[in-house]
There are 2 protein chains.
Amino acid sequence: MDRARGLLPPEGIDITEPCVVRDVADRVGDRWSLLVLGHLANAPQRFNALHRIIGDISKQVLSRTLRRLEEDGFVSRTVHDLTPPQVEYALTPMGWSFLEPMRMLLDWAEAHHNAIVRARNDFAAGQKP
Amino acid sequence: MDRARGLLPPEGIDITEPCVVRDVADRVGDRWSLLVLGHLANAPQRFNALHRIIGDISKQVLSRTLRRLEEDGFVSRTVHDLTPPQVEYALTPMGWSFLEPMRMLLDWAEAHHNAIVRARNDFAAGQKP
DNA sequence: CAGAATCCGAGCCGATACTG
DNA sequence: CAGTATCGGCTCGGATTCTG
């Protein structure tokens with residue numbers, strides 16, 4: 001796949017600051033963050049709305065996920081003082097800007113998902129017998 | 001940041017298959033995989049060469065990281081039967097193709113690293129006192 | 001409605017020691 | 001040279017229960 005290579009600078013990829021990418025991977029590489037960001041990209045949502053939409057996430061984990069995303073500036077949390085209380089989560093400008101590389105990743109994942117599954121099976125077949 | 005919004009389809013982001021992106025995030029979201037892929041993008045490397053270049057990774061963890069990347073088809077492993085033995089790791093075509101979205105992510109991470117650190121500090125300042 | 005408290009199990013990371 | 005074996009610690013995810 002030489003065309004892929006053509007997209008790179010002569011020296012390949014420069015990984016001089018692993019700590020930098022770690023800050024992103026730590027936040028976004030977990031089980032639910034990408035999913036939550038994807039849903040907030042469709043529309044701002046309240047807590048239980050997100051909980052219903054995603055379905056198989058516990059409130060505990062959703063709470064932690066949202067707070068971490070808020071902590072790193074991907075998501076904003078605004079409290080409307082009503083009864084019953086309403087808390088709305090939305091993407092910050094930084095959260096919006098992250099959607100572009102995120103979309104690249106999702107597209108790549110979808111395009112290569114079958115290849116990954118096949119590679120896994122081939123590897124297992126080569127090890128077992 | 002409406003320009004970011006303009007890059008998206010009307011409905012935002014479609015997260016209909018969370019399991020698909022999980023297959024990628026599971027492999028690439030860990031502590032070392034991106035770093036290893038970045039170095040193999042520069043040149044194929046042998047085990048101890050990678051170990052020296054990366055520096056602060058144990059042989060144990062490097063071994064596991066490489067095997068998982070091999071298992072999912074990002075990396076190839078070829079044994080040259082010599083004394084002393086030589087094992088060369090290189091990117092597969094799929095591994096090469098992954099460099100493009102990966103580069104997007106790295107660029108974004110570098111561009112927003114300071115903003116993330118600032119957001120973290122602001123959040124901590126808002127909670128503590 | 002929007003969480004917090006608590007406890008559990010799984011998996012990853014790391015260091016050290018050993019092997020063909 | 002290129003790993004494996006073993007053990008420990010830590011964090012993450014999940015289920016359950018309780019609160020303002």
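Being a predicted model, the structure only gives us computed values, none of them experimental. Here is the naming used below: chain letters follow the sequence lines, and residue numbers restart at 1 for every chain.
Note on the helix from dC1(C)-dG20(D) to dG20(C)-dC1(D): angle between the axes of the first and last five pairs equals 50°, rounded to 10 degrees.
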Tabulate below the donor-acceptor pairs under 3.5 Å that side-chain atoms of residues 104-118 of chain A make, not counting sequence neighbours, or state none.
unit_1    : atom_1 : unit_2    : atom_2 : d
Trp108(A) : NE1    : His112(A) : ND1    : 3.4
Trp108(A) : NE1    : Ser97(B)  : O      : 3.2
Trp108(A) : NE1    : Ser97(B)  : OG     : 3.0
His112(A) : ND1    : Trp108(A) : O      : 3.0
His112(A) : NE2    : Ser97(B)  : OG     : 3.2
His113(A) : NE2    : Asp23(B)  : OD2    : 2.8

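Under 4.0 angstrom from either OP1 or OP2 of dC13(C) there lies at least one side-chain N or O belonging to Arg68(B). Phosphate proximity of dC12(D) to Trp32(A): absent, as no side-chain N or O sits under 4.0 Å from OP1 or OP2.
Remark: side-chain polar atoms of Thr92(A) are paired, donor with acceptor, to backbone N or O of Gly73(A) under 3.5 angstrom. A donor-acceptor pair under 3.5 Å links the side-chain atoms of His51(A) to the main chain of Ile57(A), judged by distance alone. In this structure, the side chain of Ser33(A) engages the main chain of Arg27(A) through a donor-acceptor pair within 3.5 Å.
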Contact letters for nucleotides 1-7 of chain C, in which S counts primed atoms plus P, OP1 and OP2 and B counts the base, heavy atoms under 4.0 Å: BBBSBB-

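In this structure, Leu82(B) atom CG and dG3(D) atom C1' are separated by 16 Å, rounded to whole Å. Rounded to whole Å, the distance from CZ on Arg27(A) to P on dT11(D) is 13 Å. Rounded to whole Å, atom C1' of dC12(C) lies 15 Å from atom CG of Leu62(B). Distance Ile57(B) CD1 to dA2(D) P: 15 Å, rounded to the nearest Å. Going from atom CG of Asp30(A) over to atom P of dG14(D) covers 10 Å, rounded to whole Å. To the nearest angstrom, C1' of dG20(C) lies 12 Å from CG of Asp81(B). For the pair Arg31(A) CZ and dC12(C) C1', the interatomic distance rounds to 15 Å; values are reported in whole Å.
To the nearest 0.5 Å, the span separating OG on Ser76(B) from CG on Leu69(B) amounts to 11.0 Å.
Using a 30° and 60° split on the angle between ring planes, Phe74(B) and Phe98(B) fall in the perpendicular class, above 60°.
Contacts of Pro44(A) classified as side chain to side chain contact (heavy atoms under 4.5 Å, CB included), with partners at least two apart in sequence or in another chain: Glu88(A), Ala90(A). With sequence neighbours left out, the side chain to side chain donor-acceptor pair (under 3.5 Å) criterion links Ser58(A) to no other residue. For Asp26(A), the side chain to side chain donor-acceptor pair (under 3.5 Å) criterion is met by Arg22(A), not counting sequence neighbours.
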